[in-house]
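The next block holds one structure in the form of C-alpha cells; read it before the comments.
Below, chain A is the first sequence line, B the second, and so on; all start at residue 1.
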There are 2 protein chains.
Amino acid sequence: MHYKELIKTIKERREVLRVTQATLAELSGVGLRTLKQFESGKGNPTLLTLQKLVDVMGMEVCLKLKNVSGNK
Amino acid sequence: MHYKELIKTIKERREVLRVTQATLAELSGVGLRTLKQFESGKGNPTLLTLQKLVDVMGMEVCLKLKNVSGNK
DNA sequence: CTTTATAGTGCATTATACGGCTCTTTTTTA
DNA sequence: TAAAAAAGAGCCGTATAATGCACTATAAAG
C-alpha cells in the first residue's frame with residue numbers, strides 16, 4: 001500500500017464508522033491537528049501515531065511481501 | 001501487528017536476504033543510525049522511513065481489520 | 001587470542017512531527 | 001438559502017525523529 005492508499009483506507013474506515021476527525025482524534029489520543037494533516041495528505045506520521053489511529057478503529061498495521069501470488 | 005512484531009519482521013526479512021544494516025540503509029536511503037535505532041527497538045520511525053525500508057526488501061506496509069475471520 | 005565484520009550506543013545538530021489556537025473553506029442539514 | 005458542523009490550513013512553540021561521527025559490544029573467522 002502506498003502512502004495515499006493508506007490515507008484513503010483510514011479515511012474510509014473512519015467514515016464507515018461514522019466518526020468525525022475530532023472524535024477519532026479524541027478516542028485515539030492523537031491530536032486533531034495531526035489527524036487533519038495526515039488525512040489531507042500533508043503529514044508523515046510516526047508509526048506510533050499511525051498505530052494509535054488504526055487501533056481504535058479496529059485495524060492494525062502490518063507488513064507483507066509484494067508481488068507474491070496468494071497475497072491479495 | 002504490534003510494534004515489536006513489526007521490528008522482528010523487518011529484521012528477519014533483512015536476514016533472510018542476507019543484507020547487513022549498512023547495506024539496507026544505503027539501498028533504502030535511510031540513515032544507518034536510524035535503522036540501527038529502529039531494529040534495536042528504540043525508535044519510532046515515520047511512515048516514510050518505514051516504507052523506504054520495507055519497500056527495498058520487497059515488502060509493503062498495509063492496514064487490515066483485526067479480529068475478522070478470513071484475515072489470517 | 002587477534003582480526004574483522006556487524007550491530008548497538010552516546011553525543012550533538014538539523015529537520016520535522018505533534019499539537020493547540022484561530023481562522024477559512026467545504027460539506028451537511030434544516 | 002442560511003445555519004451548523006466538519007474539514008483544512010497558517011502560525012508557532014515543544015518534542016522528538018533523522019542523521020553523522022566516533023566509540024563500544026558482540027560475533028564470526030583465522
Side-chain angles (χ1 to χ4, degrees), chain A residues 1-68 71-72, chain B residues 1-68 71-72:
Chain A
M1 278 178 121
H2 294 303
Y3 186 71
K4 306 242 179 193
E5 293 177 78
L6 290 173
I7 294 177
K8 189 159 166 287
T9 301
I10 288 178
K11 201 163 184 171
E12 285 175 357
R13 175 67 176 165
R14 181 174 63 75
E15 284 162 359
V16 163
L17 297 174
R18 294 183 197 279
V19 172
T20 65
Q21 289 180 336
T23 303
L24 174 56
E26 193 174 0
L27 293 177
S28 64
V30 169
L32 177 56
R33 187 63 214 281
T34 301
L35 175 56
K36 286 176 184 297
Q37 291 243 353
F38 179 41
E39 278 198 7
S40 62
K42 308 222 169 119
N44 175 25
T46 62
L47 178 55
L48 189 58
T49 295
L50 185 62
Q51 287 183 319
K52 282 184 191 169
L53 290 174
V54 304
D55 190 64
V56 83
M57 293 195 293
M59 302 179 81
E60 64 178 337
V61 176
C62 64
L63 299 178
K64 68 177 181 186
L65 291 176
K66 289 184 295 193
N67 312 325
V68 177
N71 260 85
K72 175 29 210 340
Chain B
M1 277 177 122
H2 295 303
Y3 185 70
K4 305 243 179 192
E5 293 177 79
L6 291 174
I7 293 176
K8 190 159 167 285
T9 301
I10 288 177
K11 201 162 183 170
E12 286 175 356
R13 176 65 176 164
R14 182 174 62 76
E15 284 163 358
V16 162
L17 296 174
R18 296 184 197 279
V19 172
T20 65
Q21 289 180 337
T23 304
L24 175 56
E26 193 175 1
L27 293 176
S28 64
V30 169
L32 176 57
R33 187 63 211 279
T34 301
L35 175 57
K36 285 176 185 295
Q37 292 244 9
F38 180 41
E39 278 197 8
S40 63
K42 307 222 169 117
N44 176 25
T46 62
L47 177 55
L48 190 56
T49 295
L50 185 62
Q51 286 182 319
K52 282 184 192 168
L53 289 175
V54 303
D55 190 62
V56 81
M57 292 195 293
M59 301 180 81
E60 63 178 337
V61 177
C62 63
L63 300 177
K64 68 177 181 185
L65 292 175
K66 288 184 296 192
N67 312 325
V68 176
N71 261 85
K72 165 68 204 321

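Of all heavy-atom pairs between B:N44 and A:L48, the closest is OD1-N, 3.0 Å. The shortest heavy-atom contact between A:Y3 and A:G41 is CE2-O, 4.1 Å. A pairwise comparison of heavy atoms in A:Q51 and B:L6 identifies NE2-CD1, 3.5 Å as the closest pair. The minimum heavy-atom distance between B:Q21 and B:R14, with the atom names listed, is N-NH1, 3.4 Å. Listed here is the closest heavy atom pair of A:S28 and A:V56: CB-CG1, 3.9 Å. Closest heavy-atom contact between B:V19 and B:L24: CG1-N, 3.5 Å.
Going from atom NZ of B:K52 over to atom C1' of D:dA17 covers 12 Å, rounded to whole Å. Between the P atom of C:dA17 and the CG atom of A:L53 lies a distance of 15 Å, rounded to the nearest Å. As rounded to whole Å, 14 Å separates atom P of C:dA17 from atom CG of A:L50. Between the P atom of D:dT19 and the CG atom of B:L24 lies a distance of 12 Å, rounded to the nearest Å. At whole-Å resolution of the value, CD in B:Q51 and C1' in D:dA18 are 16 Å apart. Atom CD of A:E26 is separated from atom P of D:dA7 by 14 Å (rounded to the nearest Å). Whole-Å rounding puts the A:F38 CZ to D:dA9 P distance at 15 Å. A straight line from CG of B:N44 to P of D:dA18 spans 7 Å, rounded to a whole angstrom.
Among B:D55, B:L53, B:L50, the single residue meeting the side chain to side chain contact (heavy atoms under 4.5 Å, CB included) criterion with B:V61 is B:L50.
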**Request:** Classify every nucleotide of nucleotides 24-30 of chain C by which part a protein heavy atom approaches to under 4.0 Å, writing B for the base, S for the sugar-phosphate alone and - for neither, in 5'-to-3' order.
**Result:** -------
**Request:** Summarise how protein sits on nucleotides 5-11 of chain C as a single string, 5' to 3': B when a protein heavy atom is under 4.0 Å from the base, S for sugar-phosphate-only contact, - for no contact.
**Result:** -SBBBBB
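With contacts defined as side-chain heavy-atom distances shorter than 4.5 Å, the pair B:R13/A:L65 qualifies.
Contact annotation: A:T46 reaches the phosphate of C:dC18 (side-chain N/O to OP1 or OP2, under 4.0 Å).
Counting heavy atoms of neighbouring residues, nucleotides and ligands inside a 6.0 Å radius, atom CD of B:Q37 exceeds 12 of them.
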For nucleotides 25-30 of chain D, list the nitrogen or oxygen atoms of the protein found under 3.5 Å from its nitrogen or oxygen atoms, one pair per line.
none

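Atom NZ of A:K64 is separated from atom CE of B:M1 by 12.0 Å, given to the nearest 0.5 angstrom.
Checked by atom type and distance alone, the side chain of A:E5 pairs as donor or acceptor with a backbone atom of A:H2 at under 3.5 Å.
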